[in-house]
Each structure stands twice: as structure tokens, then as C-alpha cells.
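Note sheet for the following structure.
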Number of protein chains: 2
Amino acid sequence: MAVHGRGRGGGRPTLEEVAARAGVGRGTVSRVINGSPSVSDATRAAVEAAVAELGYVPNTAARALAANRTDAIALVVPESETRFFAEPYFSEMLRGVGAALADTEMQLLLIFAGNDRERQRLAQYLAAHRVDGVLLVSVHADDPLPDMVAELGIPAVISGPRSADEPLASVDSDNHGGGRSATAHLIAQGRRRIAHITGRLDVWGALRRTEGYRSALVEAGIEEDEGLVEPGDFSEEGGRRAMAALLERRPDLDAVFAASDVTAAGARQVLREAGRSIPDDVALVGYDDSAIARHMDPPLTSVRQPITEMGRVMTDLLLEETATREPRRRTPAGVRRPQTVLPTQLVRRQSS
Amino acid sequence: MAVHGRGRGGGRPTLEEVAARAGVGRGTVSRVINGSPSVSDATRAAVEAAVAELGYVPNTAARALAANRTDAIALVVPESETRFFAEPYFSEMLRGVGAALADTEMQLLLIFAGNDRERQRLAQYLAAHRVDGVLLVSVHADDPLPDMVAELGIPAVISGPRSADEPLASVDSDNHGGGRSATAHLIAQGRRRIAHITGRLDVWGALRRTEGYRSALVEAGIEEDEGLVEPGDFSEEGGRRAMAALLERRPDLDAVFAASDVTAAGARQVLREAGRSIPDDVALVGYDDSAIARHMDPPLTSVRQPITEMGRVMTDLLLEETATREPRRRTPAGVRRPQTVLPTQLVRRQSS
DNA sequence: ATCACTGCTGGGAGCGCTCCCACGCGCTCT
DNA sequence: AGAGCGCGTGGGAGCGCTCCCAGCAGTGAT
């Protein structure tokens with residue numbers, strides 16, 4: 001890491017200086033730095049030697065200016081920093097993104113857009129094209145963020161499409177399959193009166209989980225009973241409320257599939273208060289395989305999403321996109337971006 | 001957020017275009033953008049109007065190249081991402097940094113340097129001067145990172161000096177005062193045989209806590225008893241081991257001041273196993289005021305560090321530094337950077 | 001021997017900004 | 001009336017790269 005001072009006191013060496021040292025032209029050095037194949041081996045070696053001797057490091061600002069790219073992507077989190085840290089979801093996602101970026105020159109920017117002020121700033125940021133691409137995680141259905149990004153013509157990948165015809169590239173876990181396997185598992189345990197507490201149904205993924213639940217019932221030839229389905233909202237309180245309603249309406253239910261672990265935790269409280277034992281009287285399955293699931297009493301069977309893997313795939317997709325869509329322009333209207341779906345996995349524990 | 005296309009298809013407007021629109025020169029627009037005072041009000045208004053009309057956003061890359069600054073600082077975390085998320089310390093710190101940056105144009109980069117590979121990358125990053133300054137948090141005493149940063153002549157602020165004569169600017173909480181007030185509190189409760197489990201004594205802050213403990217004893221005229229001091233290492237296991245040793249050596253001790261909440265948790269286990277009740281037989285005080293302290297049984301009295309505030313102050317200090325140290329050069333040898341110390345606060349709970 | 005044609009190479013022309021020098025104007029002070 | 005000053009201003013000269021075109025050899029076909 002030798003950094004020799006030269007020329008204008010203390011400045012780092014420039015391409016020009018490396019070129020002079022190696023006895024070649026500026027263009028050639030640039031080609032070597034950027035790994036162009038059309039450089040002879042001898043020349044390449046000479047340049048590499050000069051680079052090493054001078055401790056040359058490319059000036060990113062100059063490169064960004066000349067090439068009109070930044071070599072950076074942003075992970076946009078439409079939440080407060082507090083929630084970001086509270087949710088293991090983000091942590092896992094970040095790990096996946098980091099892994100995908102590990103052997104790249106790409107720089108990751110973490111941008112919170114929890115309040116209006118931050119969103120305003122983000123808008124400025126994107127307008128200035130300070131990143132080559134954007135990773136959008138856990139966006140709400142009515143969020144204008146994705147459309148803004150699309151409008152600006154910035155490559156983007158979203159985690160969890162907002163609807164069946166999401167125009168942006170997306171990576172999702174198989175919510176339908178998850179709901180289906182959770183329900184099928186309960187059926188395989190001999191349960192027949194399986195209740196379901198949904199998530200917020202304006203969230204596409206939650207809707208899919210519920211559809212998966214229905215599919216499993218249909219496949220097993222069990223008649224659907226609308227009385228066994230109660231809307232929730234992912235929250236603990238919602239779980240309690242829904243469970244109470246279900247118990248009142250169908251006291252003979254023998255299993256519950258909740259759309260999130262937190263919801264399941266709420267349901268468990270009500271079940272316990274009602275004197276139902278888990279899993280003997282009522283089997284319980286959650287979703288997310290969060291820390292709550294592991295620490296619940298009894299430990300909760302839950303559907304695990306490959307969040308880290310999602311982060312990795314999202315990043316790969318985005319990198320590909322930024323690489324191909326070189327001259328920055330808007331995606332032609334009507335062109336659907338790839339929708340990737342990753343498998344979920346049922347983690348069996350004592351609650352079922 | 002009107003972004004009108006112009007000139008070379010779709011490119012954003014440039015300074016030049018804004019200047020033409022406002023009927024002024026490039027220089028004048030630049031001055032307005034950068035808030036230079038030497039622009040007449042009329043001209044300023046005209047330029048601002050043009051900026052608004054065109055939806056002009058400065059090109060950061062060009063600015064960085066021309067001005068040789070990046071308007072970005074890095075928060076360097078010498079830990080894995082996993083630990084980063086696990087520790088509320090970082091979350092609070094980040095909040096403080098964010099707050100200080102909120103009404104700045106500065107961009108925050110979060111850089112993990114948990115393993116060799118990441119550190120290598122960081123070195124490249126810093127060598128390329130891609131940030132104007134660096135915030136260094138929770139660096140270990142033998143970490144080469146701070147010296148590398150200093151060597152490169154990059155302004156830096158460190159959280160927690162590594163020794164009494166830390167050459168870098170630093171912001172710390174008052175570890176001495178914290179240890180002193182925790183001990184004084186125990187004395188005020190009528191305790192006289194107060195034991196102390198230290199932190200890792202190669203960590204300057206831990207050392208200061210222990211010195212604070214001693215000061216309090218001296219001030220109260222209580223004779224120091226080396227048998228009451230046992231080295232720990234911030235860990236739970238260390239707390240258990242130390243507590244066992246203390247109990248064996250001084251079975252009549254009536255209070256324990258542990259250098260961290262985690263250590264206190266370890267100590268509590270041993271005390272309980274030994275049949276000592278808290279706080280009746282033995283009063284216990286921890287350090288950090290972490291979640292553990294609140295959830296312990298009984299809730300643990302602990303010393304709170306103003307971590308968010310530390311983040312804020314560190315950032316302010318760094319911004320000041322980057323602003324003044326305009327032409328990038330090394331800090332002259334021998335020039336000590338400011339050492340700021342923020343007060344701690346004793347949070348009383350049922351354990352004492 | 002002439003003419004492509006291919007494989008490497010050098011260097012001009014910018015990218016959009018900041019910095020700074022020089023200029024013009026309206027004053028005040030001789 | 002002329003010199004001197006300061007304020008506001010315009011625009012040249014880069015910052016360190018990438019892109020691209022032209023040029024130069026060497027090769028095989030005509």
C-alpha cells in the first residue's frame with residue numbers, strides 16, 4: 001500500500017503518471033485497469049508493474065463523471081432506522097446483498113426513507129443519479145417509491161411484487177407454496193377443521209399465502225369453510241382479535257395457520273386463555289420462522305423464507321440489469337421485468 | 001420534481017444550461033448553488049427560478065472531481081454485520097450520526113470491516129479518498145485501522161480513545177465518572193464491602209471505570225481492598241467466574257459493581273446459586289443500561305452511556321474537521337485532536 | 001505488389017463542475 | 001477630473017477519467 005507523493009504535493013498518482021512510467025499511452029492504462037482483452041500480455045504486465053509501484057488507485061469521481069456511472073447501488077429501506085434494526089428481516093437481507101456484492105467493485109449504500117424528509121432526500125438523491133441501481137425492500141402496496149424509480153429510468157429490483165403484474169423486476173419467496181405446505185402439513189397431521197388468520201390482504205404476499213391455504217384444502221378434498229378464515233394484519237393484537245372471533249364462531253377448530261409468527265403469538269395467548277392446549281387440542285403454524293417462533297412455548301412450527309438468498313438474487317438481478325442497460329434510458333412501456341420466486345421451507349416444531 | 005429532457009437526449013440539465021436560462025454566467029450559478037454570499041439578490045432569484053424550472057440537480061461526480069471532495073463520510077464498523085445488528089450500541093450510534101447529518105448535504109456510508117477481506121477493501125476505499133472523513137467506532141486497542149486512517153491523512157473521529165494520549169480526535173463517555181457514581185451510589189446505600197468485576201483492562205474505557213470505582217472508595221474514606229477486585233472480560237462467563245472467585249475470597253461482600261450488564265448477569269447467576277438474595281444480601285450494579293438490565297430479575301441498576309449523543313457529537317466534530325482541513329494533508333505530528341467526554345447517568349432499578 | 005483486414009496502440013475530446021483571474025461598474029477620496 | 005477601491009460578474013483552465021477514432025504494423029488474399 002505504498003502511496004508515493006508526486007507532482008502537485010501529495011496528490012495521488014493519476015492515469016497519466018502510470019502511463020508515463022509504463023511507457024505507454026493513457027488509453028492503454030485505462031484498458032488494463034478495466035480489464036479490456038485487447039491489450040498484449042507484455043504491455044499489460046508493464047502497466048500492472050507501474051500501477052503497483054506507484055500505488056495507483058483510480059479516482060472514482062473522475063470515472064463516474066466520464067463514464068456516467070457510479071459503481072454504487074442503493075438498498076432503500078422505507079422504514080425508520082429503529083425498525084430496520086428491530087427486524088431480522090433486514091439484517092438477513094443485507095447479508096445476502098453483501099454476499100452478492102463481495103467480489104464486485106460495487107459499493108452498497110444503505111438509505112432509509114422512513115419519513116417524508118428522508119423520502120424527499122432520497123428523491124433528490126435518485127434524481128441526481130448517484131446510484132446505478134436500486135434495491136427496494138418491503139414496500140407497501142400504495143408506496144409511490146417504485147413508480148418514481150421507474151420514472152427516473154433507474155434499474156430497480158423489488159422484493160415482493162406489489163401485485164400479480166408488477167412492472168419492476170422482483171424477487172419473492174413462494175408465498176403460495178408456503179401457505180400450501182403449512183396447511184398440507186396440518187392436514188397430514190390429521191387435522192380437518194383448519195382455521196386461517198390472514199395477513200394484511202392489501203399485501204400481495206399475504207394474499208398468496210391465503211390462496212395457498214385454500215389450494216391445500218382443495219387438494220385434500222376438504223370443503224372450504226369461510227367461517228374458518230379471519231382477516232388479521234400481521235400484528236399480535238390482530239392475532240388475538242382474530243383468534244377470539246374464530247373460537248367464538250367455530251369452537252371445534254383443531255388447527256390454526258397464521259400468516260405470521262407474531263400473529264401466531266397473539267393467537268396462542270387467546271387459545272391458552274380458552275384452555276386449549278397446543279398442539280393437543282389445537283395445532284398452530286406460523287410464518288417467517290422468526291426468533292419468536294423458536295422461543296415460543298411450545299416452539300412454533302413455521303414457514304421459513306430464504307431471505308438471505310432473496311437478497312443475493314435481487315442483487316445479481318440488479319447487477320445484470322445495470323450492466324446491460326448501459327445507456328440510461330427508460331424501460332420501454334409494456335416490457336415486463338423478470339419475476340423470480342424462491343422456495344420456502346416448513347420448519348417443524350412442537351406446536352403442530 | 002420536473003425533469004425535462006434537453007440537449008443530448010434525456011440528459012439532466014447542467015450548470016451551463018441553467019446559466020443560459022437565467023441569463024448569467026456559469027460561475028454565478030455555481031455561486032448560487034453553493035450559497036456564496038457575493039451574489040446580488042436579483043441575480044440569485046433569477047438563478048433559483050431557472051434551477052426550479054429545469055429541475056436542476058448538481059452532478060456529484062463532477063463536483064467531487066473539480067473540488068476534490070466527496071461530501072460523504074463513512075461509519076466504519078470493525079465487526080461483522082451480524083454483530084452490528086445484534087448490538088443496540090450500533091443502532092443508537094447510527095441514529096445519532098443520522099441526526100447530525102440530517103440537515104447536511106453529507107452522505108453516510110456504512111462500511112463493515114469484520115474480516116480481512118473487508119478490511120482490505122476498506123483500505124482500497126480509503127486510499128482512493130472516496131470519503132471526506134471517517135467515524136471509527138468500537139475499535140480494539142491493537143487495531144491498525146486508526147493508524148492507517150491517520151497515515152492517509154483522512155480526518156477521523158474515534159469513539160472511545162485507545163489510551164490516555166489518543167492522537168485522533170475522540171468522543172467518549174465519562175467512564176471514570178460512571179464507575180465512580182455507580183460505586184458512590186452503593187456506598188450511599190450503606191454498603192461498605194463493595195466488590196468490582198472489571199472489564200478487559202486492555203480497553204481504556206474499562207480501565208477508567210475501575211479507576212472511577214477506586215476514586216469513589218477513596219472519597220468515602222473506605223479502605224481499598226484488592227481482594228474485592230477481580231478481573232472480568234465483559235462476558236457473561238467472565239462474570240460467573242469472577243463472582244465465584246470473589247465469593248470464595250470475600251464471602252462477606254455486600255455489593256458488586258460489574259463493568260458491564262452482561263458481566264452482571266453472569267454474576268447474578270452465581271450469587272443466586274450461592275443463595276444470596278439481590279438486593280438484600282448483595283446489591284448489584286451493571287454498566288451500559290442495555291436491554292438485559294431492564295429485563296433482569298430483579299431489574300438491574302446500571303450506568304447509561306449517551307451513545308446516540310456520542311454519535312451526534314462525533315459527527316459534528318468530523319464535519320468541522322473536514323471543513324477546516326480543506327487542502328488534504330496530514331495532521332502535523334504532535335498536534336493532539338480534541339478529546340470530548342460526555343456525561344454518563346446512573347439508572348436506578350431494584351438490584352441496589 | 002496491392003489491397004483489405006485484424007490486433008494493439010496513442011491521444012484528442014469531452015464529462016459537469018469548481019476555482020480563480022480579470023473585467024466593468026459605481027463609488028469615494030483626493 | 002483622475003485614481004483607487006470593492007462588489008458582482010463572466011468565462012478560461014483544469015480535475016482524472018472514458019470513449020472513440022485514427023494510425024501503425026503485420027498478415028493473408030488477390
Side-chain angles (χ1 to χ4, degrees), chain A residues 6-47 50-51 54 56-71 105 127-130 132 326-328, chain B residues 6-47 50-51 54 56-71 105 127-130 132 326-328:
Chain A
R6 54 183 356 81
R8 304 153 295 92
R12 283 124 55 223
T14 69
L15 248 205
E16 194 91 45
E17 288 162 354
V18 174
R21 176 113 185 179
V24 300
R26 220 170 56 251
T28 303
V29 178
S30 177
R31 272 181 286 263
V32 172
I33 299 292
N34 295 293
S36 158
S38 53
V39 178
S40 73
D41 289 349
T43 309
R44 180 184 306 279
V47 170
V51 165
L54 297 177
Y56 171 75
V57 181
N59 179 322
T60 359
R63 171 178 288 175
L65 179 59
N68 192 34
R69 66 188 156 77
T70 62
D71 290 326
E105 294 292 89
H129 281 284
R130 290 182 65 171
D132 293 338
E326 240 350 291
R328 224 173 249 142
Chain B
R6 53 179 358 81
R8 304 151 297 92
R12 284 124 55 226
T14 70
L15 248 204
E16 194 91 45
E17 289 163 352
V18 173
R21 176 112 183 180
V24 300
R26 225 172 52 256
T28 302
V29 177
S30 176
R31 274 182 285 262
V32 171
I33 299 293
N34 294 293
S36 158
S38 54
V39 178
S40 73
D41 289 348
T43 310
R44 179 182 308 277
V47 171
V51 165
L54 297 177
Y56 171 75
V57 181
N59 179 323
T60 2
R63 172 179 288 175
L65 179 58
N68 193 33
R69 62 188 160 81
T70 63
D71 290 326
E105 294 292 270
H129 280 285
R130 290 181 63 172
D132 292 339
E326 241 349 291
R328 224 174 247 141

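Only a predicted model underlies this, so the values are computations on that prediction, with no experimental measurement involved. In what follows, every chain begins at residue 1, and chains take the letters A, B, ... in the order their sequences are listed.
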I need the CD-C1' distance between Glu16(B) and dT18(C), as an integer number of Å. 13 Å

Are the side chain of Arg26(A) and the backbone N or O of Leu15(A) linked by a donor-acceptor pair below 3.5 Å? no

Given dT18(D), dT9(D), dG16(D), identify the nucleotide with an atom nearest to the side chain of Leu65(B). dG16(D)

Please determine if a side-chain N or O atom of Ser40(B) lies less than 4.0 Å away from the OP1 or OP2 oxygen of dT9(D). yes

Separation of atom CZ in Arg130(B) from atom P in dG16(D), rounded to whole Å: 16 Å

Think Thr28(B) has a side-chain N or O under 4.0 angstrom from the OP1 or OP2 of dT9(D)? no

Atom pair CD (Glu17(B)) and OG1 (Thr14(B)), whose distance is rounded to the nearest 0.5 Å: 4.0 Å

Can you tell me if Asn34(A) touches the phosphate of dT18(D), counting only side-chain N or O atoms and a distance under 4.0 Å to OP1 or OP2? yes

State, to 0.1 Å, how close Val39(B) and Arg31(B) come at their nearest heavy-atom pair, and which atoms those are. CG2-CB, 3.7 Å

Could you state the CZ-P distance from Arg44(B) to dT9(D), rounded to the nearest angstrom? 9 Å

Nucleotide nearest Ala62(B) when distance is taken to its side chain, options dT9(D), dT18(C), dG16(C): dG16(C)

Select one nucleotide: of dG16(D), dT9(D), dT9(C), the one nearest the side-chain heavy atoms of Ser38(B). dT9(D)

Determine whether any donor atom in the side chain of Arg31(B) lies under 3.5 Å from an acceptor atom in the base of dG10(D), or the reverse, and answer yes or no. yes

note: Asp41(A), atom CG; dG7(C), atom C1'; distance rounded to Å ~ 13 Å

Of Asn59(B) and Val24(A), the one whose closest DNA chain C nucleotide lies more 5': Val24(A)

Would you indicate what Thr60(B) reaches in the nucleic acid, counting non-hydrogen atoms under 4.0 angstrom: base, sugar-phosphate, or nothing? nothing

To the nearest Å, how far apart are Arg69(A) CZ and dG16(C) C1'? 17 Å

Starting at CZ of Arg63(A), measure out to CG of Asn34(A) and round the result to the nearest 0.5 Å. 5.0 Å

Would you state whether a donor and an acceptor, one from the side chain of Arg26(B) and one from the base of dG12(D), lie under 3.5 Å apart? yes

So does Ala127(A) get a backbone contact from the side chain of Arg12(B), meaning a donor-acceptor N/O pair under 3.5 Å? yes

Could you tell me how far apart Ile33(B) (CD1) and dT18(C) (P) are, to the nearest whole angstrom? 8 Å

Proximal nucleotide (of dT18(D), dC17(C), dT9(C)) relative to the Leu15(A) side chain: dT18(D)

Selection from dG10(D), dC17(D), dG16(D) that lies nearest to any side-chain heavy atom of Tyr56(A): dC17(D)

